[in-house]
2 protein chains.
Amino acid sequence: MTIEQEFFNQYRLMYRPFINQVNVLLEKYQLFSSQWALLRLLKDKGSHTFVDIANFMFIEKPSVTRLVQKLVELGYVETVAGRDKREKLVQLTANGEEIVQEIQAQLKPFFEQALAGVSKQEIEIATQVLANICANINR
Amino acid sequence: MTIEQEFFNQYRLMYRPFINQVNVLLEKYQLFSSQWALLRLLKDKGSHTFVDIANFMFIEKPSVTRLVQKLVELGYVETVAGRDKREKLVQLTANGEEIVQEIQAQLKPFFEQALAGVSKQEIEIATQVLANICANINR
DNA sequence: TATATTAGTTAGCCTAGCTAACTATACGCT
DNA sequence: AGCGTATAGTTAGCTAGGCTAACTAATATA
């Protein structure tokens with residue numbers, strides 16, 4: 001097996017256990033990891049239109065609609081008018097802002113434990129590798 | 001955002017685009033990436049019981065049952081008697097062996113292109129990081 | 001020998017996506 | 001100004017790829 005195959009093998013193998021454990025931590029906020037991904041995007045980069053969100057997350061518009069609907073229900077985000085009558089901007093509510101911070105604090109120790117024994121430099125290299133692949137395959 | 005959060009962010013972001021593209025390549029064999037993962041396991045490590053497969057892939061037994069059923073239908077694997085009357089071993093058929101090699105050859109250029117601009121050393125570090133996380137979170 | 005454990009299956013559920021087809025608004029061209 | 005095209009978001013309905021709970025059959029153990 002080539003090292004490339006080995007890498008992607010390992011990449012895929014980790015996915016479910018990782019997501020499942022994140023979901024356990026998110027449970028008390030009634031969130032799943034996909035919804036959390038959107039909250040984090042809004043926190044990091046401010047309000048976005050549905051189309052922007054779809055592009056950033058590499059998912060389709062109807063998937064965004066559903067994510068947003070759920071987060072609106074929970075009171076974590078709200079939609080406001082955009083540049084014209086078609087557009088809607090999605091943004092965190094005050095409560096959403098708080099929750100995001102709280103969750104980030106909760107996830108931090110889990111992430112650190114998951115990366116126990118891995119140096120900062122290795123984490124940075126691995127992050128860069130993932131970012132490169134992302135760029136290569138979405139070209 | 002901490003570098004740990006950044007890493008897992010990037011990790012998750014890559015998943016769907018990657019799986020989708022692998023699935024496109026697998027389409028002509030009527031396979032999806034989860035089924036491919038099992039074929040690769042059988043190729044790499046020989047025949048396994050259902051329970052072994054569940055443990056290796058970090059999924060539950062009923063999920064294994066479905067994967068195997070599909071691959072049996074396609075004629076890529078077969079089940080044979082195990083050590084006692086409860087156990088069943090899953091192994092590749094002759095056709096399965098051929099198909100796996102063919103698919104590996106098809107995936108190789110895709111993997112290489114996805115990793116374009118990433119050095120062998122970086123790939124190895126990233127693989128090791130993923131393996132470490134896997135070990136840490138499944139403890 | 002009765003009870004507990006283990007291997008695999010079945011039924012039915014869920015997340016997290018997808019495509020196709022739709023509505024409403026905006027833009028471009030004559 | 002009006003018509004055709006493009007864009008933003010929604011709805012309906014589908015799928016992969018898991019999951020749990022509850023089951024059967026076979027084996028191990030007290």
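The sequence lines fix the lettering, A, B, ..., with proteins before strands; numbering per chain opens at 1.
- You'll find the ring centres of A:Tyr29 and A:Tyr76 outside the 6.0 Å limit.
- Looking only at distances, no side-chain donor or acceptor of B:Glu122 sits under 3.5 Å from a matching main-chain atom of B:Val118.
- Not one N or O on the side chain of A:Gln5 forms a donor-acceptor pair closer than 3.5 Å with the backbone of A:Met1.
- Scanning for salt bridge (Lys or Arg N to Asp or Glu O under 4.0 Å) contacts around B:Lys108 gives B:Glu112, with sequence neighbours left out.
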Requested in this report: Scan nucleotides 24-30 of chain D nucleotide by nucleotide, 5' to 3', and note B when protein non-hydrogen atoms come under 4.0 Å of the base, S if they reach only the sugar-phosphate, - if neither.
Outcome: --BS---
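- Residues forming a salt bridge (Lys or Arg N to Asp or Glu O under 4.0 Å) with B:Glu124 (at least two apart in sequence, or on another chain): none.
- Projected onto DNA chain C by closest heavy-atom contact, A:Ile19 and B:Lys88 fall at different nucleotides, the more 5' of which corresponds to B:Lys88.
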Report summary line: Nucleotide by nucleotide, nucleotides 17-23 of chain C touches protein heavy atoms under 4.0 Å in the pattern (B base, S sugar-phosphate only, - none) BBBB---
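- Computed from coordinates, the B:Phe32 CZ to D:dG18 P distance equals 12 Å when rounded to whole Å.
- No hydrogens or angles considered: a donor-acceptor pair under 3.5 Å links the side chains of B:Gln128 and B:Asn132.
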Requested in this report: Just do the ring pair (Phe, Tyr, Trp, His ring centres under 6.0 Å) check on B:Phe7 and A:Phe111 with the steps written out, would you?
Outcome: CA-CA 9 Å; B:Phe7 169 80; A:Phe111 289 160; 9.0 Å; no
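- Using a 4.0 Å cutoff on non-hydrogen atoms, the parts of residues 43-52 of chain A near DNA chain D are A:Thr49, A:Phe50, A:Val51, ordered by number.
- The salt bridge (Lys or Arg N to Asp or Glu O under 4.0 Å) contacts involving residues 59-81 of chain A comprise A:Lys70-A:Glu73, where partners must be two or more places apart or lie in separate chains.
- Within the 3.5 Å criterion, the main-chain N or O of B:Ile137 finds a donor-acceptor partner in the side chain of A:Gln21.
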Report task. Please assess A:Gln104 against A:Lys43 for the test side chain to side chain donor-acceptor pair (under 3.5 Å), listing each intermediate value before the final yes or no. Result -> CA-CA 11 Å; A:Gln104 263 168 342; A:Lys43 176 77 173 181; 5.5 Å; no
